[in-house]
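Note that this is a predicted model, so its numbers are computed, not measured.
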Amino acid sequence: MINNEDVTRLQDAVQLSEVRGRSLWQDARVRFFRNKAAVAGLVVLILITCFALFGGFIAQYEPDFVDFTLMGANAYQGVPSVETGHYFGTDIDGRDLFARTVQGTKISLLVGIVGSLVAVIVGTLYGATAGYIGGRTDGIMMRTVDILMSIPFMFVLILMLVIFGRSILMLFIGIGLISWLNMARIARGQTLTIKNKEFVEAAIATGVSPFVIILRHIVPNLLGIVIVYATLLVPEMIIFESFISYLGLGVQEPNTSLGALINAGASQMTNGTLWMLFFPLTFFLITLFAFFFVGDGLRDALDPKDR
Amino acid sequence: MSEPILSVRDLSVVFDVKPAGAWPWTAPNKLHAVSGLSLDLQPGETLGLVGESGSGKSTLARAIIGTVPVTGGDILYKGQSLMQMSVQERRRHRRDVQMVFQDPLAALNPRMTVGDIIAEPLVTHEPSTPRKEVKKRVSEMMERVGLLPNLINRYPHEFSGGQCQRIGIARALILKPKLMICDEPVSALDVSVQAQVVNLLRDIQKDMGLSMIFIAHDLSVVKHISDRIVVMYLGRPMEVGPANAVTRQPTHPYTQALISSVPIPDPKAERARERPVLEGDLPSPLSPPSGCVFRTRCPIAQDVCAQDRPPMVDTGPDQTAACLFPTINQ
């Protein structure tokens, strides 16, 4: 027999307990973790980040320590080996390639992440503002973006690096300057569709200020697409930086990046020291693939309708 | 009669429409969404707005809440012109006038919890309210509109259409407004839910002494809830009068056609009755017909109808129609 009192108590309990809702973000997270390739990509990314952050502790040598005894004997003495402590071998100057790769990965990741962070913050706010205000302001803001885009940036960046000297800061400024342009366009396009939704109208009718509407109603709703684009922008930025470094204009010695290491390795290909190319290139490719897989997974998770 | 809470004086809303592919300097076409509309709303009264799609009902609502620019005429709220209000006054006015939207789900931000959505007007207008107090008032309001308060942390996509509309109503009511505008609040819901929501709106309106403008294209729903009805066609009022009079004894030929289009829930009576069917489509609001805008589809139109815009004439007690040949009620 069911006790009547228990039933009422149970009903009370059901009534009183607040149900935690599942937000669209949580739904997306579930979908993301169901995607095996994306999760694998994420794991690889975490491993690479750990490698970049903590690899220095495992390395037996400082990245800028030059082993003069190896000069000219690289091809047979600088071979990757566990015994000598040069896990990845040495580079042309007799420096430990493992420590160099750690350092290069760190710089490359940093460039990619800073680039896409600038893109996310500046590009999203700029695009959302232009799209939301609309009219002439929108016209002026977006034409400015068009004009900036039409400038050949590689050329400007090279000029900047030549004039102001080659430094990481200059590289960041250069990458930050171009990375947000596409993002602003994407954010604006999305804003145009969101701002005509009724919930935005409801907010306007209530008297919420335009700035709050952009931050509370527009940006969270375009964040899905922005995140996807940002993850795909990171590898793009890494490639961009690598290209600059490959030209010899990127980061300066003794600092290095994956692009610079690949460049150095490629120039030694004919000397029988292929590991100089192999290790940086492997890390470069794995990082890019991991980012692309994660980006793909995010797109599927955040935009279930588009599949 | 007391002072009207809202009066609309000769309101017109004109949109500029550029034809596709036009040069930037081409003069835009003028779309007359609302033209020369006047109405008064008494405190505590429910005014029903009916008309076909494209007759300017929603534009009128949006002009009153101020999301659409007014081209001509004036809107007075408690005798004060909205057009001449300062920014602060306008903000205070926004607090008193709230709106319930047509598409229940689209009117709720999918990234916010129900509690945050309902609290938004409160947080906007009374930012100093402590969080506990906000939550308490939101819970009370949820209960009032028939939602379990423990659903406060849920997201809009987890609710049905009717529930979403209740959330929209709760958001509109949280500041205890004086005037609520319902823009086709039930047309996206199925019939049984429609009845629930309409009854809820009517109860709340009685309880809180709200004035309400209720927009719908379904006459039977409007009849059920309104005290007075305004029938609109192509942005102009065709007939204004008490709900009963307009639905039982329509005096304007357009209203008569509208009423006859409401099906009778009895097949025999439905088949037996004779009804004037409106032919053709709504004329384009880009180039409305001269004189009476309804003349192109009117069964009793004559040549004079094309000359001047017909004035509103008394056709019964408190009932007026914009027609040169109306049926007169005694």
Side-chain angles (χ1 to χ4, degrees), chain A residues 10-31 128 132 134-136 139 143 190-191 193-227 302-305, chain B residues 24 58 61-62 64-68 87-88 90-117 120-125 127 135 139 143 148-159 164 168 171-172 174-175 177 181 183:
Chain A
L10 185 69
Q11 271 173 347
D12 283 351
V14 168
Q15 295 257 320
L16 288 176
S17 64
E18 270 178 20
V19 187
R20 281 232 72 85
R22 231 166 66 168
S23 72
L24 294 181
W25 297 121
Q26 284 161 307
D27 277 352
R29 200 168 59 205
V30 170
R31 276 196 297 272
Y132 181 72
R136 190 161 292 168
R143 291 304 79 74
Q190 281 296 309
T191 308
T193 62
I194 293 169
K195 82 164 178 181
N196 289 323
K197 293 255 174 78
E198 283 181 332
F199 64 83
V200 175
E201 199 179 0
I204 299 171
T206 303
V208 183
S209 70
F211 183 66
V212 177
I213 290 181
I214 290 176
L215 285 188
R216 194 187 287 161
H217 295 284
I218 307 271
V219 170
N221 280 294
L222 52 84
L223 219 50
I225 281 153
V226 166
I227 288 173
L302 293 167
D303 236 353
K305 275 170 274 170
Chain B
S58 295
R62 277 162 177 75
I64 294 171
I65 60 168
T67 54
V68 148
V87 177
Q88 272 91 30
R90 190 77 211 234
R91 225 174 111 78
R92 205 154 48 233
H93 156 256
R94 293 214 146 122
R95 193 195 156 120
D96 282 356
V97 181
Q98 292 288 327
M99 180 144 163
V100 175
F101 291 86
Q102 178 173 9
D103 184 342
L105 193 56
L108 309 174
N109 185 346
R111 306 275 172 196
M112 282 164 83
T113 63
V114 170
D116 287 339
I117 290 171
E120 187 173 37
L122 188 64
V123 175
T124 306
H125 286 277
K135 197 173 166 187
S139 303
E143 227 162 323
L148 285 177
N150 61 359
L151 300 177
I152 194 165
N153 288 323
R154 292 240 170 180
Y155 289 84
H157 63 145
E158 299 172 293
F159 289 89
C164 283
R171 169 175 61 188
I174 189 105
L175 285 173
I181 299 170
D183 183 10

By side chain to side chain contact (heavy atoms under 4.5 Å, CB included), A:Lys195 pairs with (sequence neighbours left out) A:Tyr132, A:Leu192, A:Ile218
By side chain to side chain contact (heavy atoms under 4.5 Å, CB included), B:Leu105 pairs with (sequence neighbours left out) B:Asp103, B:Pro156, B:Cys164
NZ/NE/NH1/NH2 to OD/OE distance under 4.0 Å, B:Asp116 and A:Arg216: no
Note: vs chain B, highest number of non-hydrogen pairs under 4.5 angstrom among A:Ala205, A:Ala203, A:Gly207 is A:Ala205
Ranked by heavy-atom pairs below 4.5 Å to chain A, first place among B:Arg91, B:Arg94, B:Gln98 goes to B:Arg94
Counting heavy-atom pairs under 4.5 Å with chain A, the top scorer among B:Gln102, B:Met99, B:Arg95 is B:Gln102
Select one option (side chain, backbone, both, neither) describing which atoms of [X] are under 4.5 Å from chain A's heavy atoms.
X       : result
B:Thr67 : side chain
B:Arg90 : neither
B:His93 : neither

Smallest heavy-atom separation, A:Ile213 atom then A:Ile204 atom, equals CD1-CG1, 3.7 Å
Item to complete: Measure from the side-chain N and O atoms of A:His217 to the backbone N and O of A:Val212, and report whether any donor-acceptor pair falls under 3.5 Å.
Response: no
